**Student:** 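My questions will all concern the structure given below.
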Amino acid sequence: MLMIIFAWLSIFFTIFLAPKKHLWALITGQGFFLAFFSMAWFFLQDFNFSNSLFFIDKISGPLAILTCWLFPLTMLASQSKVYLEPINRQRAYIANSTFLQLTTLLAFTTSDLMLFFIFFEASLVPTMIIITRWGAQERRLEAGMYLAFYTMLGAIPLLIWFNKFYATHGSLLPILTHTLYITQTPTNYPGLFWVTFNAAFLIKLPMYCLHLWLPKAHVEAPIAGSMVLAGTLLKLGGYGILRTSPMLQEDTLNQTLLVMLVAILGILATALLCLRLTDLKSLIAMSSVSHMNLVVAAALISTPWSYSGAMMMMIAHGLTSSALFCLANTSYERTNSRTMILLRGTLMIFPLAGAWWLTVMLLNMALPPTINFAGEVLIMASLFNWSPIAFLIVALNLIFTTAYTLYVLWSTQRGPLPSHIKTLFPYQIREHLLLLLHILPGLLLIIKPEMIFF
Ligand SMILES: *[C@@H]1O[C@H](CO)[C@@H](O)[C@H](O)[C@H]1NC(C)=O
């Protein structure tokens, strides 16, 4: 595993030594090579590896693979915009993205929860630099501010809890949680306890009510920022909840009923909100919030099935929402607008891109054979087991999701072609390849879902 980390570090040499002309080709090539190399290594370990520094199991393995896979794709996606900048800024951009990649990969694979905490927080720095330095509009500073303050707010209780846990049990290794006899200081408010110590993760996911930073960050971020944010950073929160759950008391579901209500409300409210949004990027961000609240609900139910559902949902959502941001970005680069109604009718001029839109939107809607659907079914089944009424309420989400999917497809693809978009430059092979490489893993996972079945 250390070998893989050093292999990823070697990208820094390429960044600073590569000649100007071949910089992006070299970085993308090396990124793909490293992604395949790391994935082969993860598969060889069969998701069962632990030493004093790294710990890979069924929860961290798939997420680490997702992180490795998305890095070359972000490089592929951001070429055309960043290529116009001076060479030093291009190098700084790639350096920051690589740094972000390293921190997230380390956060997913490290075996000590304190190191996890450090990398979890460290990933904030490159994200903020990428958003505030390479964002397209002037409100990016505000977005960075929101991101920083929301994240910091959750970090403090988590740090206190980790310290306390270490002081009483003498270890923060998740491998040992089965063997440690975990005693909890009795509190009068176990639900409040749960929320306070998972606040950092709930903000990162984000739970409804704590999600205000997300649409802002997505709208302002450049494409690599959006892809990594939707693809891996949100999953850090879900990973944190799943990873630390054995350390908390079991019987908290009744006490966390309020959180559950907020999550269920969040699933419905954000899906409904998507029907009224006109800004494509913030719509995709809102749909992420809706999906991630399903993960919160699954984590609260905390049965093996719901955990498997949460894992599947996170992997599936990582691929599809990243692909959606790529699609939104390809339209944005051509029309310089995120307003959906201005992108109308593009099916007429870009039929293949229309096919990508359809595929990705159907994946996002959780069409049956896909893993998005498998994840949703697992979560819904465990919800039904917990409370049929909650199941019925969440089932409404399926209707709303279908509705906003059709709304997006209709308002970006169909309709008469407005005269202002008749002179767009065509899709490049790079962009088709980018989308294919997002969709292909999603389709391949249908054949072998046990890979991410926790
Ligand atoms: C990130 O970008 C800034 C410039 O905006 C640069 O000064 C800094 O060195 C970069 N970070 C890394 C890790 O390369």
Side-chain angles (χ1 to χ4, degrees), residues 2 4-35 38 64 67-68 70-110 115-152 155 204 213 216-233 236 325 329:
L2 215 52
I4 290 189
I5 301 297
F6 277 113
W8 281 102
L9 273 174
S10 74
I11 287 197
F12 281 112
F13 288 110
T14 320
I15 294 169
F16 293 109
L17 297 180
K20 181 172 181 243
K21 217 169 133 197
H22 302 297
L23 179 65
W24 286 93
L26 277 174
I27 292 289
T28 315
Q30 193 178 4
F32 273 114
F33 175 73
L34 287 176
S38 332
T67 318
C68 291
L70 280 181
F71 176 76
L73 298 188
T74 52
M75 288 298 110
L76 209 54
S78 38
Q79 289 184 11
S80 59
K81 258 278 151 69
V82 185
Y83 192 67
L84 305 173
E85 295 194 9
I87 184 71
N88 284 338
R89 295 206 200 133
Q90 292 181 30
R91 292 192 206 274
Y93 181 81
I94 306 176
N96 277 303
S97 306
T98 314
F99 184 47
L100 180 57
Q101 163 72 7
L102 272 173
T103 48
T104 39
L105 188 61
L106 282 167
F108 280 132
T109 54
T110 181
L115 282 178
F116 166 71
F117 176 80
I118 292 170
F119 291 124
F120 178 81
E121 296 301 326
S123 66
L124 176 68
V125 178
T127 319
M128 232 186 100
I129 294 179
I130 288 180
I131 291 179
T132 51
R133 170 66 191 76
W134 281 276
Q137 297 157 86
E138 65 204 79
R139 301 189 70 180
R140 58 183 189 261
L141 285 179
E142 191 189 317
M145 216 59 126
Y146 265 70
L147 175 67
F149 275 93
Y150 267 87
T151 313
M152 286 316 198
K204 205 72 181 197
W213 61 272
K216 280 185 192 298
H218 271 311
V219 166
E220 304 300 327
I223 173 66
S226 287
M227 282 169 69
V228 175
L229 202 58
T232 49
L233 285 180
L236 274 176
F325 278 114
N329 185 57

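Just follow the structure's listing: the first ligand is 1, and inside any ligand the first atom is 1. In this text the structure is predicted, and so the values were computed from the model without any measurement.
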**Student:** Just need the protein heavy atom nearest to atom 14 (O) of ligand 1, so name the residue and atom and give the distance.
**Tutor:** Ala95 CB, 3.1 Å
**Student:** Please list the nearest protein heavy atom to atom 1 (C) of ligand 1 with its residue and the distance rounded to 0.1 Å.
**Tutor:** Asn96 ND2, 1.7 Å
**Student:** Within a distance under 4.0 Å of any heavy atom of Arg133, pick out the atoms of ligand 1 and give their elements.
**Tutor:** 5 (O)
**Student:** Using a 4.5 Å cut-off on heavy atoms from C-beta on, say whether the side chain of Phe116 contacts that of Leu236.
**Tutor:** yes
**Student:** In terms of atom number and element, which parts of ligand 1 are under 4.0 angstrom from non-hydrogen atoms of Ile129?
**Tutor:** 1 (C), 2 (O)
**Student:** Using atom types as modelled and distance alone, determine if a side-chain donor or acceptor of Glu220 lies under 3.5 Å from a backbone N or O of Leu141.
**Tutor:** no
**Student:** Please check if a non-hydrogen protein atom sits closer than 4.0 Å to atom 5 (O) of ligand 1.
**Tutor:** yes
**Student:** In terms of side-chain heavy atoms, does Thr28 have a donor or acceptor partner in Gln79 at a distance below 3.5 Å?
**Tutor:** yes
**Student:** Heavy-atom distance from atom 9 (O) of ligand 1 to the protein below 4.0 Å?
**Tutor:** no
**Student:** Counting only heavy atoms not in Phe16, do more than 12 fall under 6.0 Å of its CZ?
**Tutor:** yes
**Student:** For the residue pair Trp24 and Tyr93, categorise the inter-ring angle as parallel (less than 30°), tilted (30 to 60°) or perpendicular (more than 60°).
**Tutor:** tilted
